[in-house]
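From a predicted model like this one, the values you see are computed outputs, not experimental measurements. Residue numbers start from 1 in every chain, and the chains themselves are labelled A, B, ... in the order their sequence lines are given, proteins ahead of strands.
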Amino acid sequence: MGRIIASGMWRQHVTRQYEPHEIEEKWQAVWDAEGLYSVTEDPDKPKKYVLEMFPYPSGDIHMGHVRNYSIGDVVARFSTMNGHSVLHPIGWDAFGLPAENAAIKNATHPAKWTYANIETQAASFRRMGFSYDPERMVRSCDVDYYRWGQWIFLKFWERGLVERKKSPVNWCPSCKTVLANEQVIGDGVCWRCKSVVEKRDLEQWYFKITEYAQELLDDLDTLPGWPERVKTMQANWIGRSEGAEVDFELCGAGGEACGQTITVFTTRPDTLFGCSFFLLAPEHPLVSELTAGTGYAADVQAVVAATARETAVERASGEAEKIGAFTGRHVVNPVNGEKVPVWVSNYVLMEYGTGAVMAVPSGDQRDFDFARKYGLPIPPVVVAEDDPLINELSGVHSRVANDVPWAEAYDGYGVMVQSGEFTGLQGGKASEGMKAVTGWLAERGQGRFSINFRLRDWLISRQRYWGNPIPAVHCPSCGLVPVPEEQLPVVLPMEVDITKGETLADHPEFYETTCPKCGGAAKRETDTMDTFTCSSWYYFRYCDARNSAEAFGRDKADYWMPVDQYIGGIEHAILHLLYSRFFTKVFADMGLTSAREPFTNLLTQGMVKKDGETMSKSKGNVVAPEDMVARYGADALRAFILFMAPPDKDLDWNQDGLEGMFRFLTRLWRYVEGAAGAGSAAAPAEDPAAKALLRERHRVVGKVTADIEAFGFNTALSAMMELLNAAGDYRKTVPADARDVALEREVAETLVLLIAPFAPHMAEELWREVLGGEGSVHRQSWPAHDPALAAADEVEIVVQVNGKVRAKLTMPATADDATVREAALALPKVIEHLEGLTVRKVVVVPGKLVSVVATA
RNA sequence: GCCCGGGUGGCGGAAUGGCAGACGCGGAGGUCUCAAAAACCUCUGUCCGAAAGGGCGUGUGGGUUCGACUCCCACCCCGGGCACCA
């Protein structure tokens, strides 16, 4: 293997240069042949499931992939070396719209495009040296996989978690399909293509994730290994509000009671006495019923029409001007019998609560603005204790004030006024007043304690071809009928010509079928499932990827699940992570798993940017990992991207440092080659230079170990550089015949083991070929360290006088405080700075410093 | 508006309340060489100083402490998330 390098030839200097390409491809082949990364359930070892998020087969890999999968690979290899049985699989989230778009553009089939991309990407991952178990690879567009997605759908249906209903839904005009709420991001745009979404009234399939809203919220507390920020985002998204439902009786057109009630949800029942009008959403079904044929119909219809014209962005952003119209009707306030007018306004959303709102302008800014605009009363009911109004209204039970001198509503805590028997109680969110009023209403059957969630059910049907067909049949006589389990899979037909814009709905061969129940002619459902359904359970499939009888075996899942370390981008903080938690909870309730949460620890890695912008083809600022691998090898690239920044931070790609990482690896290579000999030269036992190097070796092993455990890959690599620097200094400063050869060899071995998770190819070459190690470096035990050996026997102590460093002192590590203090005060420099001053206080920090406080 | 992050040399970044700037990049000078590359060595926050040495310095202003990048209060800036949610 060794070769004579050109520049060294005349010196007779035989050495091997670090040639990443030769060794990387060589070891990739060896690892495959040896089946190094195949894993089975080993009852004798602690298990560890390390997983990076399911990649979409977009074609080329990008730097974000390199970062994500490099992090996972270090964690996986490190865990293996630390005695764990490690599951580290990969697969592809292979259904989805980009395949259709690409197929249209290239006049091919989505399947062809997808499988070709998977091959390309798999080759790139292999080229990076990632340690995936090849036997567990999963592709979500394979029938073997998606049939179980259909099975899950049927099981969800059995459990009452599937619903088909008509409601206003998000429609992406560019993707030509509906989207779930979670998939509308930012200012009302599609998560994938960033087009502004529209609202359409359509009948669609839903998973009832709201049934699990409370548990999804509560169990966030069982995830200490998740970033706070992700948990906060999920909690906000679920949006739990405690309050009350209040029934208002509707009056007839003549003002008389008509027996019909309208219920509202409010978080502030304590402000009920301040309700001066009542609002309906423009989409509320009662609106036309109440106004049809009356003199109010025209104005109300104008508001309804204007609201319908607002874009989703305007409506959602709260920037739209509040408009409204009186319906001519009234409702009765249950607490005081007062009749309040019913208005229609664009700021009331049909999707939240009941689509009807009791308006309390003194306590809610939106109601306040509306009241001011339309000249409606603003009676104060909860007044801050330091508000001048309190003098006038404190203890006043009945309504005397119908307006406030305030510029805005007050929604904080305060004293209830003008509130009948509740006057004087504390008002505010979750206050005693709120509880008292709710209790009063409940006793009379006019209200009840209630919890409202912002979370909506998950819309899972998609009007696209390249997805998992929904296993359902529409029968003219039986209605919606699930495809019987034994008839699965519903195979996605390949004959659909996507280049002509065809979908399943264009294929009678697909949709013409018979009803499983009555045997009559029926139509198969032609919508496919949201691809997020595929990625919501793939981590279960990895546990038992080749099972043809079940989605996964419970024994296998119970061995591996939950995922111990999940790694992926923050962009899935809600989407994929919420859906996966939901699936896992349903699986647990189905008895398929004992895990109630899928991911114990979550690392959200930051984005890889270029010049502060996300890399994209359209910006032309994409840095191709392949180019970097071609120049410096996969090892240098992997190590460098981890060295650049802590994993959770965004990083700005800058190639300059990559060269530096390559230099480090080259130096490491040379050092190990030079120190590999098992020489026998006995070194002086008490040589301080040798002791220092040994100490550094133990310190660095301790630091690298702790750093990897805390995802401090950048500082772990820094520490390895420090050890190599120390080893280089030892070699430079100690003459060859005085060197401790055994120590140098130990340091070399240590460095090879430490670098193995980061630069797996190089470590393997050095381990097997240079150090002559037995078996793969990746199957070795992680190096041990002895804290006692890492401790210095002499310490340098800093001496401060009035907070400024004035001298340094070397003391035995065992010296007691009094000795250190005395030695410090005796230093000439210290005496000089204390001249004319009186020492007031001396602080001794063992092993660190002495701080002398002195004044004149 | 609300909720999270984050502001440290020329750059990426490091620092259980204890020498700010580890490690790396970049830069300057040097060794080797006919020369260059590579490699190696020295220096590299800033200001004053020939040096010794000293002053200043982690977004801003206060505070706690013998001692603050770190803890507390107020504010400024940057990034992200949420936002007519009743």
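- In terms of phosphate contacts, A:Asn714 brings no side-chain nitrogen or oxygen within less than 4.0 Å of OP1 or OP2 of B:G12.
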Polar pairs (N or O, both sides) under 3.5 Å between protein and nucleotides 40-46 of chain B?
{"unit_1": "B:C41", "atom_1": "OP1", "unit_2": "A:Lys732", "atom_2": "NZ", "d": "2.2"}

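- With both ends at atom C1', the span from B:U70 to B:U8 equals 12 Å, rounded to whole Å.
- Of the candidates B:G81, B:A86, B:A15, the closest approach to any side-chain atom of A:Met233 belongs to B:G81.
- Nucleic acid contact for A:Arg229: sugar-phosphate only, since backbone atoms but no base atoms lie under 4.0 Å from a heavy atom of the residue.
- When each of A:Phe370, A:Phe248, A:Trp343 is paired with A:Phe278, the ring-ring contact (aromatic ring centres under 6.0 Å, His included) condition holds for A:Phe248 and for no other.
- Pair assignment for B:C34: none, as no Watson-Crick or G-U wobble contacts are both less than 3.5 Å.
- The pair A:Glu673-A:Arg670 does not count as a salt bridge, with every side-chain nitrogen at least 4.0 angstrom from each carboxylate oxygen.
- With hydrogens and angles ignored, the 3.5 Å screen pairs a side-chain donor or acceptor of A:Ser431 with a backbone N or O of A:Met434.
- As rounded to whole Å, 8 Å separates atom P of B:C82 from atom CZ of A:Arg454.
- With distances taken from any side-chain atom of A:Ala645 to the nucleotides B:G13, B:A86, B:C19, the minimum falls on B:G13.
- Atom CG of A:Asp650 is separated from atom P of B:C78 by 17 Å (rounded to the nearest Å).
- The distance between atom NZ of A:Lys610 and atom P of B:G12, rounded to the nearest whole Å, is 13 Å.
- For the pair A:Val264/A:Glu245, no side-chain contact is recorded, criterion being any heavy-atom separation below 4.5 Å from C-beta on.
- A:Asn725 CG to A:Lys732 NZ: the interatomic distance, rounded to the nearest 0.5 Å, is 7.5 Å.
- Remark: B:A52 base-pairs with no nucleotide in the shown strands. Criterion, Watson-Crick or G-U wobble with two distances under 3.5 Å.
- Across B:G67 and B:G30, the matching C1' atoms stand 41 Å from one another, rounded to whole Å.
- Between the C1' atom of B:C25 and the CH2 atom of A:Trp653 lies a distance of 13 Å, rounded to the nearest Å.
- Across every strand in view, B:G79 sits in a pair with B:C4 that passes the Watson-Crick or G-U test at under 3.5 angstrom.
- Taking atom P in both B:A52 and B:G45, the straight-line distance is 14 Å, to the nearest Å.
- In this structure, A:Lys848 does not reach the B:C19 phosphate: none of its side-chain N or O atoms is under 4.0 Å from OP1 or OP2.
- What separates CZ of A:Phe664 from P of B:G12 is a distance of 22 Å, to the nearest Å.
- As judged by a 4.0 angstrom heavy-atom cut-off over every strand, A:Glu228 is placed among residues making no nucleic acid contact.
- Contact of the A:Lys199 side chain with the A:Val169 side chain is not registered, since no non-hydrogen atoms from C-beta on lie closer than 4.5 Å.
- Proximity note for A:Lys804 (side chain, C-beta onward) versus B:C19, B:G55, B:G53: the nearest is B:G55.
- Put simply, the side chain of A:Phe453 does not reach to within 4.5 Å of the side chain of A:Thr210, judged on heavy atoms.
- Proximity of A:Asn654 to the phosphate of B:G26: no side-chain N or O atom is located under 4.0 Å from OP1 or OP2.
- Ring pair A:Trp669/A:Phe662: centre-to-centre distance not below 6.0 Å.
- Shortest non-hydrogen contact noted between A:Thr438 and A:Arg448 is CG2-C, 3.9 Å.
- With B:C19, B:G12, B:A83 as the candidates, the nucleotide lying closest to the side chain of A:Trp237 is B:A83.
- When rounded to the nearest whole Å, the span between CD of A:Gln234 and C1' of B:C82 equals 14 Å.
- Between B:C75 and B:C85, the two P atoms lie 24 Å apart (nearest whole Å).
- When the P atom is compared between B:G63 and B:A15, the two are found 29 Å apart, to the nearest whole Å.
- In terms of position along RNA chain B, the nucleotide closest to A:Ala719 lies nearer the 5' end than the nucleotide closest to the other residue of the pair A:Gly355 and A:Ala719.
- Remark: the separation of the C1' atoms in B:C23 and B:U44 is 15 Å, to the nearest Å.
- Of the possible polar contacts, none joining the A:Asp817 side chain to the A:Val845 backbone as a donor-acceptor pair under 3.5 Å is found.
- OP1 or OP2 of B:G13 has not a single side-chain nitrogen or oxygen of A:Thr715 nearer than 4.0 Å.
- Counting any heavy atom pair closer than 4.0 Å across all strands shown, A:Lys808 reaches a base atom.
- Base orientation of B:G12: anti, since the glycosidic angle falls outside 90° of 0.
- At whole-Å resolution of the value, NE2 in A:His284 and P in B:A86 are 17 Å apart.
- With both pairing distances under 3.5 Å, B:G29 is matched to B:C41 as a Watson-Crick or G-U wobble pair.
- Between the CE atom of A:Met644 and the P atom of B:A22 there is a distance of 19 Å, given to the nearest Å.
- Without hydrogens or angle criteria, A:Arg806 side chain to A:Gln800 main chain gives no donor-acceptor distance under 3.5 Å.
- Each of A:Met721 and A:Val798 lies near RNA chain B, and the nucleotide nearest A:Val798 is the one positioned closer to the 5' end.
- Between A:Thr271 and A:Val437, the closest side-chain pair of non-hydrogen atoms is not below 4.5 Å.
- Taking the six-membered ring for Trp and thresholds of 30 and 60 degrees, A:Trp406 and A:Tyr410 have ring planes more than 60 degrees apart, a perpendicular arrangement.
- B:C23: Watson-Crick or G-U partner is B:G12, with both key distances under 3.5 Å.
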Output one line per pair: protein atom, nucleotide atom from nucleotides 62-68 of chain B, and distance, for all N/O pairs under 3.5 Å.
{"unit_1": "B:C66", "atom_1": "OP1", "unit_2": "A:Lys841", "atom_2": "NZ", "d": "3.0"}
{"unit_1": "B:C66", "atom_1": "O2", "unit_2": "A:Ser851", "atom_2": "OG", "d": "2.8"}

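- Counting non-hydrogen atoms under 4.0 angstrom, A:Asp656 reaches the backbone sugars and phosphates but no base.
- Using N1 to N3 plus N6-O4 or O6-N4 for Watson-Crick, or N1-O2 and O6-N3 for G-U wobble, each under 3.5 Å, B:C85 pairs with nothing.
- You'll find that the side chain of A:Arg366 is closest to B:A86, out of B:A86, B:C23, B:G12.
- Relative to the side chain of A:Arg806, the nucleotides B:G54, B:G18, B:A22 differ in distance, and B:G54 lies closest.
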